[in-house]
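This report concerns only the one structure given below.
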Protein chains: 2
Amino acid sequence: MKEQQLVEQLRRNGYKITPQRQEILKAFMESSSRLPQSAEDIHNRVVEKYPNVSLDTIYRNLNVLEGLEIISRLSLKDGKSRYELNPGGSHQHHLICLGCGAAEAIDYCPLKALHEIGIAEEKKFEIREHSFEIFGYCSLCRERSDEIGKLPGKCS
Amino acid sequence: MKEQQLVEQLRRNGYKITPQRQEILKAFMESSSRLPQSAEDIHNRVVEKYPNVSLDTIYRNLNVLEGLEIISRLSLKDGKSRYELNPGGSHQHHLICLGCGAAEAIDYCPLKALHEIGIAEEKKFEIREHSFEIFGYCSLCRERSDEIGKLPGKCS
DNA sequence: TTCACTGCAAATGTTTTGCATGTGC
DNA sequence: GCACATGCAAAACATTTGCAGTGAA
């Protein structure tokens, strides 16, 4: 998915292309891709270029982008939402490190297996969305914990 | 899991058995079991018996119970946490209706399949927890939507 | 009696909204 | 120029915390 396509999609839906909006898209495109970002993360990034963008503009735009299915929202247990680009209209699941917060996408979706079993079909349940995230410790944090001490806790 | 056992578990960990706490446990035990409940749900239920229990007492106790792994917390996208009893230390996944909010536990956990593929192992990722929830419309809401109109929206 | 627990009120943190102004097209 | 966007401030919302008083053991 290239930035130009996304801009097109916004335009097609009657949204205007503001500098703030473009910068928000860039923040997603250029993120080193291993991390769904919080509204604040995005804000920090955008503010570097446009120092007086407000957080509410970020939120409003994240909602717009979510509505267009350009990004999707993850709900983690810390009460903060994270957002990530939808790769080609598809979706992702992640291994999320409780130590350093890194989130690595995995190439597996449980919905296929679920279909094979047919549980939803049997219950006549019409699936619209789903969430699947795995929490634990990444290899780096595990190594470091061997040196330093016990696991739960930040490993910066 | 019987209520008496849970009370024992609290006592064993140095927690006192207050009427409020017992009523919170009851709220979980006696819930018709198809629904993770929000703090407010629990509060509404407890208030019927003890009219001046405060919401913060509910929150404090939910945290205690979560710490003891008696209940677990689900994070849905509406920003509100839901809590449910841990059946024998195990966990559950659900079909959650976007129409009426009912959540039905399903007998399937994607972690087994994931292990077979060995993705986490390959990445040396140590799994601690995971979430898997499916959102859509239950058979009742689908029926009603046939009569009434289009889907997204509450069906009482 | 003691220490955990409670209720109240106030604080916190995230996200949303109202309103007047600004700006892409 | 018009509609959509923005910034600011304030509101809304779930959840947490400080504190003084209460109650289980």
Side-chain angles (χ1 to χ4, degrees), chain A residues 3-4 6-27 36-44 46-68 70-83 101, chain B residues 4 6-25 27 36-44 46-68 70-83 101:
Chain A
E3 190 181 336
Q4 207 43 51
L6 298 182
V7 168
E8 250 331 295
Q9 191 175 348
L10 280 168
R11 212 190 302 276
R12 228 181 307 124
N13 287 81
Y15 293 104
K16 305 201 165 146
I17 312 305
T18 64
Q20 294 92 328
R21 206 162 262 173
Q22 284 189 80
E23 198 59 23
I24 290 172
L25 284 179
K26 265 196 191 152
Q37 300 175 86
S38 68
E40 203 187 346
D41 294 336
I42 301 283
H43 185 233
N44 289 338
V46 173
V47 154
E48 282 176 27
K49 192 148 178 186
Y50 300 101
N52 36 5
V53 184
S54 60
L55 231 196
D56 26 77
T57 294
I58 304 294
Y59 276 112
R60 274 188 277 231
N61 278 299
L62 290 175
N63 284 336
V64 166
L65 295 175
E66 192 191 2
L68 293 179
I70 290 176
I71 60 176
S72 52
R73 179 202 303 231
L74 301 186
S75 296
L76 273 46
K77 294 199 184 180
D78 66 354
K80 209 180 286 187
S81 293
R82 311 300 171 102
Y83 299 82
Chain B
Q4 207 42 51
L6 298 181
V7 168
E8 250 331 295
Q9 190 175 349
L10 280 168
R11 213 189 302 275
R12 229 181 307 124
N13 287 80
Y15 292 104
K16 302 200 169 148
I17 312 306
T18 63
Q20 294 92 329
R21 204 162 265 171
Q22 284 190 79
E23 198 58 24
I24 291 173
L25 283 180
Q37 299 175 86
S38 68
E40 204 188 344
D41 293 337
I42 301 282
H43 185 232
N44 289 339
V46 173
V47 154
E48 283 177 27
K49 191 146 177 189
Y50 301 101
N52 37 5
V53 182
S54 60
L55 233 196
D56 26 76
T57 293
I58 304 293
Y59 277 112
R60 275 188 277 230
N61 279 298
L62 290 175
N63 285 335
V64 166
L65 295 174
E66 192 191 3
L68 292 179
I70 290 176
I71 61 176
S72 52
R73 178 203 305 231
L74 301 185
S75 295
L76 272 48
K77 294 201 185 179
D78 66 354
K80 211 179 285 188
S81 293
R82 311 298 172 104
Y83 299 82

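Lettering of chains follows the sequences in order, A, B, ..., and the numbering in each one begins at 1. Fair warning: this is a prediction, and the values are worked out from it, not measured in the lab.
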Practice task
Select base, sugar-phosphate, or nothing to describe what B:Thr18 touches, counting heavy atoms under 4.0 Å on all strands.
Solution key: sugar-phosphate
Completion exercise
Between A:Asp56 and B:Gly79, the residue closer to the 5' end of DNA chain D by nearest nucleotide is A:Asp56
Exercise for the section: Identify the heavy atoms of A:Ala27 and A:Gln37 that sit nearest to each other, and give their distance. Expected result: O-NE2, 3.5 Å
Fill in the blank from the handout: Separation of C:dG22 atom P from A:Arg21 atom CZ, nearest Å, is 19 Å
Problem - B:Leu62 CG - C:dT6 P separation (whole Å) - result: 11 Å
Problem - Side-chain N,O (B:Gln20) to OP1/OP2 (C:dG7) below 4.0 Å - result: yes
Exercise for the section: For B:Ser38, report the nucleic acid contact type (base, sugar-phosphate, nothing); a contact means any heavy atom under 4.0 Å. Expected result: nothing
Practice task
Calculate the interatomic distance between A:Asp41 atom CG and C:dT14 atom C1'; express it in whole Å.
Solution key: 13 Å
Practice task
Compare side-chain N and O positions of A:Asn63 against OP1 and OP2 of C:dT15 and report whether any pair is under 4.0 Å apart.
Solution key: no
Practice task
Work out which heavy atom in B:Pro36 is nearest to a heavy atom in B:Leu74; give both atom names and the distance.
Solution key: CG-CD1, 3.5 Å
Fill in the blank from the handout: Rounded to whole Å, OH of A:Tyr59 lies from P of C:dT14 at a distance of 7 Å
Exercise for the section: Let me know, please, whether B:Gly14 or A:Glu40 comes out on the 5' side of the other along DNA chain C by nearest nucleotide. Expected result: B:Gly14
Practice task
Remember a base hit wins even if backbone is also touched, and classify A:Lys80 as base, sugar-phosphate or nothing at under 4.0 Å, heavy atoms.
Solution key: sugar-phosphate
Practice task
Look at the side chain of A:Arg21 and the backbone N and O of A:Asn61, then say whether any donor-acceptor pair between them is shorter than 3.5 Å.
Solution key: no
Practice task
Can you tell me the distance, in whole Å, between the CG atom of B:Asn52 and the P atom of D:dG21?
Solution key: 18 Å
Fill in the blank from the handout: Regarding the side chain of A:Lys16, the nearest nucleotide among D:dA5, C:dT15, C:dG7 is D:dA5
Exercise for the section: Look at all strands and tell whether B:Arg60 reaches a base, only sugar-phosphate, or nothing, counting heavy atoms closer than 4.0 Å. Expected result: base
Practice task
For the residue pair B:Val64 and B:Tyr15, establish whether any side-chain heavy-atom pair is separated by less than 4.5 Å.
Solution key: yes
Exercise for the section: Could you check how far CD1 of B:Ile58 sits from C1' of C:dG7, rounded to whole Å? Expected result: 12 Å
Problem - Exam field: side chain B:His43 to backbone B:Thr57, donor-acceptor pair closer than 3.5 Å - result: no
Handout entry: Which nucleotide in C:dG7, C:dC25, D:dT15 has an atom nearest any side-chain atom of B:Val53
Key = C:dG7
Problem - A:His43 NE2 - C:dT14 C1' separation (whole Å) - result: 14 Å
Exercise for the section: Establish, with yes or no, whether the OP1 or OP2 oxygen of D:dT15 is under 4.0 angstrom from a side-chain nitrogen or oxygen of B:Ser81. Expected result: yes
Handout entry: Whole-Å gap separating P (C:dT15) and OH (A:Tyr83)
Key = 6 Å
